[in-house]
Amino acid sequence: MRIAVCPGSFDPITVGHLDLVERAAAIFDQVVVCVMANGEKRPMFTLEERLEMIRGAVAHIPNARAEAWGGLLADFARDQGAQALVKGVRNCIDFDWEYQMAQINRDLCPGLDTVILPARTKHLHISSTMVREMIRHHQKLDDYVPAGAADILRRIAEGKER
C-alpha cells in the first residue's frame, strides 16, 4: 500500500490545502493529513480545532484521514508506514524551503521521499495567514475555506470572539 503524509499547521485549512490532499489521494492509496504543532508559530486555532476542521474538509475523500502530531514529521511518517510526504509550493521561496526540508526528512527517515506539487494558479494567493486576517475582520470565507470546514471554522471563530 502506498501511503503519503500531507503535513502542515493548517491554521486554518484552506481550499489550496484541500486541493493538495485531493491530488495526493488520486496518486496514493492512503493519505494521512498530519496536523503539526509548530512551536515557532502562534496559532489562532488549537491543535484539536484544526484537526476537527480538517476532518470535516476531507470527509468526502475515502482514502484520506487526519491525525495530529507534536513531534518530528519523519517520525510520524515512519510510524504511519509512509513512503512519501506531499508538499505544496506557491513560489520559488516555498520550493527552496521544501527542498531543504525534503533532504532533512530523508536523512532522518531513509526511503522517505517528498513529492512537491505546484499550487494551482487559482490558489496562489491563498494562505492561512490571509484567511486568519479575514476572520479577524469578519470577511466572507466561502472562496478560501473548504465547505466541509467552513461551518466548523465559523462556530469556533464565534466562540473565540466572546
Side-chain angles (χ1 to χ4, degrees), residues 1-45 47 50-51 53-55 57-58 60-61 63-136 139 141-149 153:
M1 175 177 283
R2 297 172 304 160
I3 301 170
V5 172
C6 287
S9 54
F10 305 106
D11 187 39
I13 188 169
T14 69
V15 292
H17 293 132
L18 181 60
D19 180 65
L20 185 69
V21 174
E22 289 171 339
R23 291 163 63 194
I27 299 169
F28 293 93
D29 298 317
Q30 184 178 38
V31 175
V32 183
V33 182
C34 180
V35 186
M36 303 289 298
N38 185 336
E40 295 181 16
K41 294 184 178 180
R42 295 189 60 192
M44 176 180 271
F45 300 98
L47 195 62
R50 289 180 276 151
L51 186 58
M53 284 185 268
I54 291 170
R55 287 182 173 155
V58 304
H60 69 284
I61 307 170
N63 61 328
R65 61 184 170 83
E67 302 291 337
W69 184 254
L72 288 174
L73 178 57
D75 292 337
F76 179 82
R78 185 182 305 109
D79 290 351
Q80 298 299 312
Q83 293 78 36
L85 302 174
V86 177
K87 300 295 302 238
V89 296
R90 291 173 291 185
N91 53 45
C92 60
I93 295 168
D94 287 353
F95 178 83
D96 287 346
W97 173 256
E98 295 304 343
Y99 186 79
Q100 291 174 31
M101 294 308 299
Q103 302 310 312
I104 292 168
N105 284 315
R106 191 168 177 90
D107 287 347
L108 295 173
C109 185
L112 181 65
D113 280 315
T114 298
V115 176
I116 297 176
L117 297 176
R120 295 188 194 276
T121 304
K122 65 183 179 180
H123 298 140
L124 287 175
H125 66 290
I126 300 171
S127 69
S128 292
T129 302
M130 183 263 314
V131 171
R132 286 192 306 272
E133 198 61 20
M134 292 176 73
I135 291 167
R136 285 184 188 98
Q139 298 300 304
L141 302 173
D142 297 346
D143 293 335
Y144 306 103
V145 177
L153 190 148

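Across Ala37 and Gly70, no two heavy atoms sit closer than the pair CB-CA, 4.1 Å. Shortest non-hydrogen contact noted between Cys34 and Val5 is CB-CG1, 3.7 Å. Summarising the geometry of Tyr99 relative to Ile116, their closest heavy-atom pair is N-CD1, 4.4 Å, with the distance given to 0.1 Å.
Ring geometry for Tyr144 against His125 counts as perpendicular: the plane angle is over 60°, on a 0 to 90° scale with 30° as the lower cut.
A distance-only check finds no donor-acceptor pair linking the side chain of Trp97 to the backbone of Gln100 [under 3.5 Å]. Checking side-chain atoms of Asp19 against main-chain N and O of Val15 turns up no donor-acceptor pair under 3.5 Å. The backbone N or O of Ala68 sits nowhere less than 3.5 Å from a side-chain atom of Arg50 that would complete a donor-acceptor pair. Remark: side-chain polar atoms of Thr14 are not paired, donor with acceptor, to backbone N or O of Ser127 under 3.5 angstrom. In this structure, Arg55 contributes its side chain and Ala66 its backbone to a donor-acceptor pair below 3.5 Å. With hydrogens and angles ignored, the 3.5 Å screen pairs a side-chain donor or acceptor of Arg78 with a backbone N or O of Leu108.
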Just list the side-chain donor-acceptor pairs under 3.5 Å for residues 81-89, sequence neighbours left out, or say none.
unit_1: Gln83; atom_1: OE1; unit_2: Ile3; atom_2: N; d: 2.6
unit_1: Gln83; atom_1: NE2; unit_2: Gly81; atom_2: O; d: 2.9
unit_1: Lys87; atom_1: NZ; unit_2: Glu98; atom_2: OE1; d: 3.2
unit_1: Lys87; atom_1: NZ; unit_2: Glu98; atom_2: OE2; d: 3.3

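For the pair Ile13/Pro146, a side-chain contact is recorded, criterion being any heavy-atom separation below 4.5 Å from C-beta on. The closest side-chain heavy-atom distance from Ser9 to Pro43 is not below 4.5 Å. Using a 4.5 Å heavy-atom cutoff, the side chains of Ile61 and Asn63 are in contact. Between Val33 and Phe10, the closest side-chain pair of non-hydrogen atoms falls below 4.5 Å. With a 4.5 Å cut-off on side-chain heavy atoms, Glu67 and Val35 do not count as touching. When side chains are defined from C-beta on, Asp94 counts as touching Asn91, because their heavy atoms get closer than 4.5 Å. Side-chain contact check for Arg106 versus Asp113: some heavy-atom pair is nearer than 4.5 Å. Under the 4.5 Å side-chain criterion, counting only non-hydrogen atoms from C-beta, Gln30 is not in contact with Arg2.
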*Let me see the working for Glu22 and His60 under side-chain contact (heavy atoms from CB on, under 4.5 Å), right down to the final yes or no.*
CA-CA 10 Å; Glu22 289 171 339; His60 69 284; 2.8 Å; yes
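Within the structure, ring pair (Phe, Tyr, Trp, His ring centres under 6.0 Å) contacts touching residues 101-122 (residues at least two apart or in different chains) do not occur.
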